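To keep things clear, I will list the structure first and then write my remarks on it.
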Amino acid sequence: MASTLLSKTLLVNRFIHSFSSLSGNTQIFTSVFSKKLFQFQANSTNVAYNPTRRFSSFMASSVSTHRAQFSSKSFTTDDPVVSPDWLHSNLKQPDLKVLDASWYMPDEQRNPIQEYQVAHIPGALFFDVDGVSDRTSKLPHMLPSEEAFAAVVSALGIDNKDGVVVYDGKGLFSAARVWWMFRVFGHDRIWVLDGGLPKWRTLGYDVESSASGDAILKATAASEAIERIYQGLAVGPITFQTKFQPHLVWDLEKIQENIAGRTHQHIDARSKARFDGAVPEPRKGIRSGHVPGSKCIPFAQMLDSSQSLLPADQLKKRFDQEGISLDSPVVTSCGTGVTACILALGLHRLGKQDVAVYDGSWSEWGAHSDTPADTAAS
């Protein structure tokens, strides 16, 4: 209990330090919690967390079918990305929510929360990729339970009727992971901002340089919600209903079965050097190499020089070069399940909307001594 409390305190302090050190919002933050304006109340949607059941069907039957109406332009789910021009035209639509899902590799030494505070798209809320994760797993940022995801998204003020646009600070990197997470939990009204914050700024669109009291409140409420779920405590109100899509997420056992059955084409998004085992893995204790039978298409090959998703014809050419058939099922993986989602995004643009992602990816597979691994020399 003490370690959990410390973890929660550190995460809250992470928000306080990042926000208050740059904009002096500590008073807003403190007043919100001293007056208890946001409280979790027990109600009919309370959830008791079951650690032996990662995904439940608790909310599976009540996804809203309402569709947000955007007035500026027609909007469909055919393409998984939207342009900065489109987002700018529709930014003030009430049923459109924007999330900054920036996340960086540890060796980049970049703080996504502080960068959000320095500059973010007006009205965007911060989505913590590391924080919105399975607290029972030792692997980084694994997919949380349905209950946890619903509680976090509800705390952020997102409903099933809402369209969601997600972006990141690199152009197109971690945003694809959050796009995939929403789809795993049954929300298809989710799109990635093509080129992310860098392209938005290059086009001259405004950014905000401080977080509002509402943004701080929602971010902290989301952190509190997921902590309570994994402590087995009640949360509420739940405004976002999930519908788990099991075919979109694979575990280690599914990958093992696929080595023998070859029902799915397996694509690895890591660099060719890591795939071949020519360089050591960045995480300690992880073997080099790749899953037998998998093919390598580094995620960067899905993007152009502006970090935007390639046009469909160029994407298809790249998959064709590696012998990937769009007529057969696909599962993708990478190091920790982040850039594998960029491959899924590219395949979605080509009309392949059922691509699975191996959540644990090489961080899980390579950590096991009894899982087979091939290298270029083997």
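Computed from a predicted structure; not experimentally measured. If you read the sequence from its start, that first residue is 1, and numbering goes on from there.
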Check: [Y] and [X] side chains under 4.5 Å, non-hydrogen atoms:
| X | Y | value |
| --- | --- | --- |
| Trp365 | Ile286 | no |
| Val192 | Pro80 | no |
| Trp180 | Leu248 | yes |
| Gln245 | Phe185 | no |
| Ile259 | Val291 | yes |
| Val331 | Ile255 | yes |
| Gln93 | Asn90 | yes |
| Ile226 | Arg135 | yes |

What are the two closest non-hydrogen atoms of [X] and [Y], and how far apart are they?
| X | Y | value |
| --- | --- | --- |
| Ser288 | Pro280 | OG-CA, 3.7 Å |
| His187 | Asn160 | CE1-O, 3.3 Å |
| Ala344 | Val357 | CB-CG2, 4.3 Å |
| Leu156 | Lys218 | O-CD, 3.5 Å |
| Ala175 | Asp168 | N-OD2, 2.9 Å |
| Ala119 | Leu197 | O-CD2, 3.6 Å |

Is the NZ or CZ atom of Lys170 both under 6.0 Å from the centre of the six-membered ring of Phe173 and within 45° of that ring's axis? yes
Okay, side chain of [X], backbone of [Y]: is any donor-acceptor separation there less than 3.5 Å?
| X | Y | result |
| --- | --- | --- |
| Asp251 | Lys254 | yes |
| Arg228 | Ala234 | yes |
| Gln241 | Ile238 | yes |
| Arg274 | His290 | no |
| Lys352 | Leu347 | no |
| Ser154 | Phe240 | yes |
| Ser133 | Met142 | no |
| Ser328 | Ser325 | no |
| Lys97 | Gly157 | yes |
| Thr242 | Phe244 | no |

For a side chain to side chain contact (heavy atoms under 4.5 Å, CB included) check, start with the C-alpha distance between Leu309 and Leu345, then their side-chain angles and the critical distance, and finish with the verdict. CA-CA 8 Å; Leu309 194 63; Leu345 191 77; 4.2 Å; yes
Could you please spell out the steps behind the side chain to side chain donor-acceptor pair (under 3.5 Å) verdict for Asp194 and Ser83? CA-CA 5 Å; Asp194 215 11; Ser83 70; over 6 Å; no
Any link between [X] and [Y] through a network of hydrophobic side chains (Ile, Leu, Val, Met, Phe, Trp, Tyr) touching at under 4.5 Å?
| X | Y | answer |
| --- | --- | --- |
| Val279 | Trp362 | no |
| Phe299 | Phe275 | no |
| Tyr358 | Val330 | no |

Distance (rounded to the nearest 0.5 Å) between [X] [atom1] and [Y] [atom2]:
| X | Y | atom1 | atom2 | answer |
| --- | --- | --- | --- | --- |
| Lys295 | Glu322 | NZ | CD | 7.0 Å |
| Arg189 | Asp95 | CZ | CG | 8.5 Å |
| Ser333 | Arg270 | OG | CZ | 6.5 Å |
| Ile216 | Gln117 | CD1 | CD | 6.5 Å |
| Glu364 | Leu252 | CD | CG | 4.5 Å |
| Ile267 | Cys296 | CD1 | SG | 10.0 Å |

Show your working on side chain to side chain contact (heavy atoms under 4.5 Å, CB included) between Val164 and Val178 and close with a plain yes or no. CA-CA 10 Å; Val164 181; Val178 178; over 6 Å; no
Under 6.0 Å between the ring centres of Trp250 and His264? yes
Looking only at the aromatic ring of each residue, does the gap between the centers of Phe149 and Phe182 stay below 6.0 angstrom? yes
Under a plain distance cut-off of 3.5 Å, with no hydrogens placed, do [Y] and [X] share a side-chain donor-acceptor pair?
| X | Y | value |
| --- | --- | --- |
| Ser102 | Asp100 | yes |
| Arg287 | Thr371 | yes |
| Arg110 | Tyr104 | yes |
| Ser223 | Asp128 | no |
| Ser294 | Asp268 | no |
| Ser212 | Asp214 | no |
| Ser363 | Ser361 | no |

From CA spacing to verdict: side chain to side chain donor-acceptor pair (under 3.5 Å), Asp276, Thr375: CA-CA 5 Å; Asp276 287 341; Thr375 62; over 6 Å; no
Phe319: which of Met302, Gln301, Gln265 passes side chain to side chain contact (heavy atoms under 4.5 Å, CB included): Met302
Could you walk me through whether Leu125 and Val98 satisfy the side chain to side chain contact (heavy atoms under 4.5 Å, CB included) test, starting with their C-alpha distance in whole Å, then the side-chain angles of each, then the deciding distance to 0.1 Å, before giving a yes or no? CA-CA 6 Å; Leu125 299 174; Val98 181; over 6 Å; no
Pick out which of Arg318, Lys316, Lys317 makes a side chain to side chain donor-acceptor pair (under 3.5 Å) with Asp320. Lys316
Could you label the plane-to-plane angle of the His141 and Trp103 rings as parallel, tilted or perpendicular, counting under 30° as parallel and over 60° as perpendicular? perpendicular
Of the options Tyr167, Phe126, Phe127, which is the one that meets Tyr116 in a ring pair (Phe, Tyr, Trp, His ring centres under 6.0 Å)? Phe126
Looking at Asp304, I'd like to know if its CG atom is crowded, meaning that more than 12 non-hydrogen atoms belonging to other residues, nucleotides or ligands lie closer than 6.0 Å. yes
Counting heavy atoms not belonging to Glu253, are there more than 12 under 6.0 Å from its CD? yes
Is there a side chain to side chain contact (heavy atoms under 4.5 Å, CB included) between Leu303 and Leu310 once you walk through the steps? CA-CA 5 Å; Leu303 311 175; Leu310 290 173; 5.7 Å; no
